[in-house]
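Chain naming here is simple, since letters A, B, ... match the order of the sequence lines and numbering starts at 1 in each. Computed from heavy atoms alone, side chains included, the values below leave out hydrogens, waters and symmetry copies.
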2 protein chains.
Amino acid sequence: MEPFTPRQNAVLECALQLLVAGGERALTTAGLARAANCSKESLYKWFGDRDGLLAAMITYQASKVRTPGPRESMPTLEDFSRSLAVFAEDLMGVLAGEVSLALNRLAIGQADRDGARLGALVREHGRLPIETRARALLELGRRHGYLKFSDTHEAYETLYGLIVRDSHVRMLLGEPPVGTSDDLPRRARLAIAQFFRLHGHGAQDID
Amino acid sequence: MEPFTPRQNAVLECALQLLVAGGERALTTAGLARAANCSKESLYKWFGDRDGLLAAMITYQASKVRTPGPRESMPTLEDFSRSLAVFAEDLMGVLAGEVSLALNRLAIGQADRDGARLGALVREHGRLPIETRARALLELGRRHGYLKFSDTHEAYETLYGLIVRDSHVRMLLGEPPVGTSDDLPRRARLAIAQFFRLHGHGAQDID
DNA sequence: TCGGAACCGTACCGTACGGTACATGAGATT
DNA sequence: AATCTCATGTACCGTACGGTACGGTTCCGA
């Protein structure tokens, strides 16, 4: 997407802070202008209108996350399994992040306007990178003979379901984040173990 | 929860229609009074304030759904498996329902106010009945020797994740509902098959 | 028949917010 | 130095909405 100037990035960062701190109602044009020491006129010049600002916040936040490409050398099954577990923990960490939750809440709350334009943006910028990383990992595992599946997307969705379950929606609904972070690795390992039971090398395909 | 009068139920039904049709912005006190042929004063007398109205909508909607208790006679494995598939399809049907999506969007959009009171209501009234039904089904299957698990809650969450994956959040974000309903049974059967791979009789426990 | 309670419809109020206009000032360019 | 560009800050406007007040009507019990 088109980049923003450093000044605009600073304003967007400030907007994200406001959104995280107080929800959508705290993100007013006047309040953002005051908090970011800019003028409302500049906001409208840069982002068009309020919806443009929200969209810019999403793309800006997405531009901050980088998907760590897996290093290709991954000889042992243990390493690969560990990579999957790391992915699972990263995924849960992202979904439980304050900014991610705030932006998802924002997009979901606006899903009835403009044909869910914000929702489409979140799906595109927020989920696609995750899926890309997961697909690369899965296909790497398949190439090395550690995994067995026919449809990469199906396998990815299964992995996602086993990892996330319904915790994302629960967090979106305001439930305090899951266990005190010592629970997270256990859940991640459990999910990966279950995934191997379904798509590990010895498993028979279900499709 | 305390019941409402028939008149109040009719007003709440009308409010749900407004919410489904136009999102939260379409649900104004004046608009509801006009649509339901009642006065704003009555709305405030009955429900206190706007938040009370939203909470009443959630409890009212929850009061409409009944969890069909499984008939205890379930001799064959095929019957039990079919019951699980029916549960899966029912679950997806509920989550994809217009009213459910609208109320979840509403609660998620307000998750930053009042300590996510609406979100807590949705979690309590919307998800607890589902889990209750699923737990009964799972434990029935375990009693009959068809399933093997130690923690019912864990097994339920696994089942939920395999069935729903991330489709709920995607729908909340405005993605049109999944395949043209002929895809749903296939997905349900696949999820159940995967669940049996993890917790079927012959499976070794992972925990 | 009277009186009160509940309710409808409408008018009203205060406020908050999105969006626009304008005056001022700082930096760069010619 | 003159000027152009860009941004700030403030003031302003229209509107929409939550919440309240009030007059009028219906219904029910005494």
Side-chain angles (χ1 to χ4, degrees), chain A residues 2-58 60 102 105-107 109-114 117-118, chain B residues 2-58 60 102 105-107 109-114 117-118:
Chain A
E2 84 274 12
F4 300 106
T5 71
R7 176 72 176 121
Q8 290 164 2
N9 282 341
V11 171
L12 291 174
E13 187 64 41
C14 201
L16 286 177
Q17 276 182 248
L18 283 179
L19 183 69
V20 168
E24 188 191 350
R25 322 197 46 124
L27 188 64
T28 67
T29 55
L32 175 59
R34 199 177 326 116
N37 287 323
C38 72
S39 70
K40 287 174 65 173
E41 196 164 8
S42 298
L43 293 181
Y44 284 96
K45 172 181 299 221
W46 293 334
F47 307 112
D49 57 0
R50 190 172 186 268
D51 285 356
L53 171 68
L54 301 181
M57 290 168 64
I58 293 174
Y60 164 69
R105 289 197 185 110
L106 180 67
Q110 309 254 338
D112 42 42
R113 305 190 51 193
D114 302 314
R117 179 163 153 266
L118 286 188
Chain B
E2 83 275 10
F4 300 106
T5 70
R7 176 75 176 121
Q8 290 165 2
N9 282 342
V11 171
L12 291 173
E13 186 64 39
C14 200
L16 286 178
Q17 276 183 246
L18 283 179
L19 182 70
V20 168
E24 187 192 351
R25 321 194 48 123
L27 188 64
T28 67
T29 53
L32 175 59
R34 199 176 328 115
N37 287 322
C38 72
S39 71
K40 288 175 65 174
E41 199 167 8
S42 298
L43 293 181
Y44 285 97
K45 172 181 297 215
W46 293 334
F47 308 113
D49 57 0
R50 189 172 186 269
D51 285 355
L53 170 67
L54 302 181
M57 289 168 64
I58 293 174
Y60 165 69
R105 290 196 185 110
L106 180 67
Q110 309 253 338
D112 41 45
R113 306 190 53 193
D114 304 312
R117 179 163 154 268
L118 286 189

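- In this structure, B:Leu53 places its CG atom 15 Å from P of D:dC17, rounding to the nearest Å.
- Of all nucleotides listed (D:dT8, C:dG18, C:dG9), D:dT8 comes nearest to the side chain of A:Cys38.
- Here the C1' atom of nucleotide C:dG25 and the CG atom of A:Asn37 are 15 Å apart, to the nearest Å.
- Regarding B:Leu32, its CG atom lies at a distance of 16 Å from the C1' atom of C:dT10, rounded to whole Å.
- A 4.5 Å side-chain heavy-atom check between B:Cys38 and B:Arg7 finds at least one atom pair inside the cut-off.
- Two residues are said to be in side-chain contact when any heavy atoms from C-beta on lie closer than 4.5 Å; A:Leu54 and A:Met57 meet this criterion.
- Note: CZ (B:Arg34) to P (D:dC17) measures 9 Å, nearest angstrom.
- With rounding to whole Å, A:Asp49 atom CG is found 11 Å from C:dG18 atom P.
- A donor-acceptor contact under 3.5 Å links the side chain of B:Lys40 to the base of D:dG19.
- One interatomic measurement links the two molecules: CD of B:Glu24 to C1' of D:dG18, which rounds to 13 Å at whole-angstrom precision.
- The minimum heavy-atom distance linking B:Val20 with B:Ala102 is given by the pair CG2-CB, 4.0 Å.
- Using a 4.5 Å cut-off on side-chain heavy atoms (C-beta onward), A:Val11 and A:Phe4 make no contact.
- In the set D:dT8, D:dC17, C:dT20, D:dT8 carries the atom at the smallest distance from any side-chain atom of A:Ser42.
- Within the nucleic acid shown, B:Lys45 comes within 4.0 Å of sugar-phosphate atoms alone, with no base atom in reach, counting heavy atoms only.
- Among the atoms of the strands shown, only primed sugar atoms or phosphate atoms (P, OP1, OP2) are found under 4.0 Å from some heavy atom of B:Arg7.
- Atoms CH2 (B:Trp46) and P (C:dC8) sit 5 Å apart, rounded to a whole Å.
- Between B:Thr29 and D:dG18 there is a side-chain N or O to OP1 or OP2 distance below 4.0 Å.
- Between the C1' atom of D:dA21 and the CG atom of B:Leu43 lies a distance of 16 Å, rounded to the nearest Å.
- Residues B:Trp46 and B:Thr5 fail the side-chain proximity criterion, which asks for heavy atoms closer than 4.5 Å.
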